[in-house]
Amino acid sequence: MKIYNTMSRKKEQFKPMNDQRVKLFVCGPTVYDDAHIGHGRTYISFDMIKRYLEYKGYSVFYLQNVTDIDDKIINRSAEVDADPEVLARKFEKRYQEDMEALGVNGVNLFARATDHVPEIISQIETLIEKGFAYETSTGVYFDEAKFENFGKLSRRNLEDLNVHRVNIDQTKKNPGDFALWKKRDEEPLWDSPWGTGRPGWHIEDTAITEEYFGPQYDIHGGGLDLIFPHHEAEIAQMEAASGKSPMVRYWMHTGFLNVSGEKMSKSLGNFITIRDLLEDHDPQVFRFFVLSTHYRSPIDFSEKTLDQAAKSLKRIQKTVEKLNELLDSSAGNDDDYFSGLLKDYRIKFLESMDNDFNTPEALAHIFNFVKELNKAFEDKTPSEKVLKDIISFFNEFGEIMGFDLAVKSNDGDISGELLDIIKDVRQKLREKKEWALSDDIRGRLNDLGIDVED
RNA sequence: GCCAAGAUGACCGAGAGGCGAGGUGCAUGGCUGCAAACCAUGAUACUUGGGUUCAAAUCCCAAUCUUGGCCCCA
């Protein structure tokens with residue numbers, strides 16, 4: 001399979017360092033506020049990526065950091081008069097809940113920055129020893145001039161990086177030098193060889209990945225906005241500290257999510273949290289919406305596009321529903337035909353997924369398969385065995401994408417049983433050709449969001 | 001200013017030199033008491049201007065526009 005590598009700007013054959021084991025790290029959230037749908041886009045994408053890698057037989061360890069110490073957290077705590085740690089824990093918990101709601105559950109280990117301060121300090125010490133970092137009165141900084149290839153991921157050079165900076169710390173050698181350790185004397189703070197203070201932003205990720213993965217690993221992911229400066233800084237830190245390159249074999253970046261063509265921001269008033277979204281939208285539909293665009297492309301969120309996604313997903317679900325219904329009665333002998341279809345579309349689907357996780361194209365194949373099946377069922381039926389093969393393909397598809405394609409059962413639910421009674425009554429009315437009354441019932445059920453199809 | 005990504009039909013969205021994916025919407029027909037679902041058919045595309053090529057949505061050069069980054073950000 002091929003993966004687009006931001007470093008080379010090309011699709012490359014995917015080959016993990018250790019045969020079937022894949023070490024995947026994705027930059028996690030800064031927990032100072034609720035996650036928004038842009039986070040949702042990124043984490044759904046990487047969730048799908050992990051699911052597909054596992055489907056392909058790789059054993060994936062998915063590591064994610066949680067930034068729980070940072071200026072934004074401190075500022076927010078001051079605004080709301082809360083303890084920074086309490087605030088961070090609260091939003092970390094809400095983040096986990098949001099991800100669970102979206103069906104994003106592939107992360108094997110969450111690593112908090114504050115749980116890795118010793119590792120951070122030790123990495124900074126190494127950088128100082130090796131001459132890549134220096135201490136000033138305000139902190140410890142990475143000396144970008146000492147690192148030869150600084151900017152190789154974003155394709156920038158040092159001159160670009162050293163202009164147009166505001167509020168430059170005067171103690172730094174170069175404006176682009178970034179903080180590894182910030183000297184502070186007010187809480188929250190930790191002891192260090194350089195006095196009290198707290199870690200800079202970039203260092204936590206490399207300290208964490210070095211701890212769990214070592215200095216080199218397979219995939220590092222995140223949003224496009226992290227390429228510069230965050231990922232550049234990570235490369236500089238880790239490669240300088242270890243002397244090994246590359247730190248990461250494949251850099252994967254997700255495109256932005258815009259809202260009605262504009263960047264989502266609080267000042268524009270178009271800021272949508274995952275919680276807002278899920279108040280009146282099905283998480284499945286949002287997943288489908290996300291995966292109907294390639295993970296690297298920009299995606300435009302609107303009620304209209306979400307609605308289109310809902311209808312598209314339903315088309316697939318209808319067919320799966322029909323397959324399950326047929327399961328009880330199927331005894332046909334058109335197995336060659338159906339097996340052939342299944343084989344063809346399965347291959348096409350996998351080819352698309354192997355091509356840098358091209359989910360929109362993969363979905364197009366699924367839709368074609370759906371159409372072929374619907375057409376075939378007009379005059380052909382497979383045996384139960386082949387039908388089960390088809391259903392299990394849809395199950396695999398659902399597993400990879402994280403879609404729940406199963407028919408929703410009303411068993412054990414009073415309202416479901418009541419609904420069955422209503423439907424039953426209506427059916428009897430229709431048998432007596434009481435059209436007006438039966439249509440009225442159908443209309444009123446539709447108003448409640450319940451589809452009735454005859 | 002510098003850097004990056006992008007511009008495909010009414011809307012969403014793949015493709016990356018040679019049969020104009022797919023979904024949603026729309027139109028017509030079939031099925032149906034009607035509607036829905038499903039099937040069939042159809043209309044509407046590759047930002048502009050040059051160039052390379054037997055052949056360009058796809059490559060090259062220019063231009064225009066959009067979004068983003070350069071303090072923080074998935």
Side-chain angles (χ1 to χ4, degrees), chain A residues 6 9 26-30 32-33 35-46 64 67 70-72 75 151 153-157 159-168 175-176 178 201 221-230 232 253-258 261-266 288-289 291-302 304-316 318-319 321-322 348 352 355 358-379 430 433-436 438-439 442-443 446 451-454:
Chain A
T6 309
R9 311 280 153 113
V26 175
C27 289
T30 299
Y32 74 108
D33 203 349
H36 55 67
I37 56 178
H39 296 108
R41 192 268 166 105
T42 291
Y43 298 125
I44 286 171
S45 296
F46 282 105
Q64 195 172 91
T67 304
D70 154 280
D71 287 345
K72 285 198 293 291
N75 294 340
L153 183 67
S154 59
R155 310 209 164 177
R156 294 177 193 219
N157 52 44
E159 296 84 80
D160 294 341
L161 304 179
N162 285 326
V163 292
H164 293 289
R165 292 230 170 203
V166 291
N167 300 329
I168 296 166
F178 51 90
W201 174 41
L224 205 57
D225 50 343
L226 293 179
I227 293 176
F228 184 86
H230 186 53
E232 292 292 4
H253 292 97
T254 52
F256 274 107
L257 178 144
N258 292 322
E262 290 177 308
K263 185 188 180 180
M264 181 165 49
S265 76
K266 290 189 173 160
F288 187 94
F289 165 75
L291 297 174
S292 64
T293 297
H294 187 87
Y295 75 87
R296 282 188 281 115
S297 299
I299 187 169
D300 193 48
F301 179 92
S302 68
K304 185 174 177 178
T305 50
L306 206 60
D307 185 51
Q308 291 183 357
K311 287 176 173 159
S312 304
L313 176 61
K314 197 166 180 186
R315 182 165 159 82
I316 299 172
K318 287 266 178 210
T319 297
E321 198 173 319
K322 190 186 217 163
K348 287 179 182 172
S352 293
N355 182 14
N358 192 337
T359 51
E361 193 177 82
L363 286 170
H365 295 313
I366 294 293
F367 281 112
N368 280 326
F369 186 39
V370 160
K371 178 171 281 191
E372 293 286 354
L373 287 174
N374 284 329
K375 199 196 301 184
F377 284 133
E378 287 182 355
D379 58 1
R430 292 183 67 242
K433 300 201 192 298
E434 297 275 359
W435 307 127
S438 67
D439 286 356
R442 180 172 65 191
N446 279 344
D451 289 337
V452 180
E453 294 166 6
D454 300 318

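Order of the sequence lines fixes the chain letters, A, B, ..., with proteins taken first and strands second; residue numbering starts at 1 for each chain.
- A distance of about 31 Å separates the C1' atoms of B/rC34 and B/rU44, rounded to the whole Å.
- Taking atom P on both nucleotides, B/rG30 is separated from B/rA35 by 11 Å, rounded to a whole Å.
- Applying the Watson-Crick and G-U wobble criteria (two distances, each under 3.5 Å), B/rU53 pairs with nothing in any strand.
- A straight line from CG of A/Asn258 to C1' of B/rU67 spans 6 Å, rounded to a whole angstrom.
- To the nearest angstrom, C1' of B/rA36 lies 14 Å from CG of A/Asn374.
- To the nearest whole angstrom, the two C1' atoms, one in B/rA74 and one in B/rC59, are 34 Å apart.
- Within the nucleic acid shown, A/Gly222 comes within 4.0 Å of sugar-phosphate atoms alone, with no base atom in reach, counting heavy atoms only.
- Distance NZ (A/Lys311) to C1' (B/rC38): 17 Å, rounded to an integer number of Å.
- As a whole-Å value, the separation of A/His253 NE2 from B/rC73 P is 13 Å.
- At distances below 3.5 Å, not a single donor-acceptor pair connects side-chain atoms of A/Asn355 with backbone N or O atoms of A/Asn358.
- Among the atoms of the strands shown, base atoms are found under 4.0 Å from some heavy atom of A/Leu257.
- Rounded to a whole angstrom, the distance from the C1' atom of B/rG51 to that of B/rU41 is 40 Å.
- On a pure distance criterion of 3.5 Å, no polar donor-acceptor pair joins the side chain of A/Arg296 and the base of B/rA5.
- You can call A/Trp435 stacked on the base of B/rG33; the centres are under 5.5 Å apart and the planes sit within 30°.
- Formation of a donor-acceptor pair under 3.5 Å by the A/Ser438 side chain with backbone atoms of A/Glu434 is found in this model.
- Between A/Trp201 and B/rC73, a side-chain N or O to OP1/OP2 separation shorter than 4.0 Å is present.
- You won't find any donor-acceptor pair under 3.5 Å spanning the side chain of A/Glu378 and the base of B/rC39, going by distance alone.
- A salt bridge between A/Asp307 and A/Lys304 is absent, with no side-chain N of the basic residue lying under 4.0 Å from a carboxylate O of the acidic one.
- Atom-to-atom, OH of A/Tyr295 to P of B/rG6 comes out at 12 Å; the value is rounded to the nearest Å.
- The partner of B/rC65, taking Watson-Crick or G-U wobble pairs whose two distances both stay under 3.5 Å, is B/rG6.
- Both A/His230 and A/Lys304 lie near RNA chain B, and the one whose nearest nucleotide falls closer to the 5' end is A/Lys304.
- Counting only distance, with no hydrogens or angles, the side chain of A/Thr305 and the backbone of A/Phe301 share no donor-acceptor pair below 3.5 Å.
- When each of B/rC34, B/rC11, B/rC39 is scored by its nearest atom to the side-chain atoms of A/Arg442, the top-ranked nucleotide is B/rC34.
- Judged by closest nucleotide on RNA chain B, A/Ala436 is the one of A/Val370 and A/Ala436 placed further toward the 5' end.
- Using a 4.0 Å heavy-atom criterion, one finds that A/Phe46 contacts no nucleic acid atom at all.
- For B/rA4 and B/rG13, the C1' atoms lie 22 Å apart once the distance is rounded to whole Å.
- If you measure from atom CZ of A/Phe256 to atom C1' of B/rU67, you get 9 Å, rounded to the nearest angstrom.
- For B/rC70, the paired nucleotide is B/rG1, the pair qualifying as Watson-Crick or G-U wobble because both relevant distances are below 3.5 Å.
- Under the 3.5 Å distance criterion, with hydrogens and angles disregarded, a donor-acceptor pair is assigned to the side chains of A/Asn374 and A/Lys322.
- Atom pair A/Arg41:CZ and B/rU67:P shows a separation of 18 Å (rounding to whole Å applied).
- Look at A/Asn358 and you'll find a side-chain N or O under 4.0 angstrom from OP1 or OP2 of B/rG15.
- Pairing partner, B/rC46: none, since no Watson-Crick or wobble contact has both distances short of 3.5 Å.
- Picking from B/rC39, B/rC12, B/rA74 the nucleotide with the shortest atom distance to the side chain of A/Thr30 gives B/rA74.
- Counting atom types as modelled, A/Asp439 pairs a side-chain N or O with a base atom of B/rG33 as donor and acceptor under 3.5 Å.
- If you check every strand for non-hydrogen atoms under 4.0 Å, A/His36 touches a base.
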key: Trace of the side chain to side chain donor-acceptor pair (under 3.5 Å) decision for A/His365 with A/Ser352   = CA-CA 9 Å; A/His365 295 313; A/Ser352 293; 3.2 Å; yes

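- Looking at A/Arg315, its side chain has no donor and acceptor atom pair within 3.5 Å of the base of B/rC38.
- Spacing between B/rA63 and B/rC2 at atom P, rounded to whole Å, works out to 12 Å.
- Each of B/rA4, B/rC72, B/rC11 was ranked by its minimum atom distance to the side chain of A/Gln308; first place goes to B/rC11.
- Across B/rA43 and B/rG6, the matching P atoms stand 31 Å from one another, rounded to whole Å.
- Both distances falling under 3.5 Å, in either a Watson-Crick or a G-U wobble arrangement, place B/rA27 opposite B/rU41.
- In this entry the distance linking CG of A/Asp33 with P of B/rC72 reads 19 Å, nearest Å.
- If you take atom P in B/rC54 and the same atom in B/rA62, they sit 24 Å apart, rounded to whole Å.
- The side chain of A/Ser297 places no N or O atom within less than 4.0 Å of a non-bridging phosphate oxygen (OP1 or OP2) of B/rA5.
- Distance from the side chain of A/Arg9 is smallest to B/rA4 among B/rA4, B/rC73, B/rA40.
- At least one donor-acceptor pair under 3.5 Å links the side chain of A/Arg41 to the backbone N or O of A/Gly255.
- The phosphate of B/rA40 (OP1 or OP2) has a side-chain N or O of A/Lys375 nearer than 4.0 angstrom.
- Between the A/Thr359 side chain and the A/Ser292 main chain, no donor and acceptor come within less than 3.5 Å of each other.
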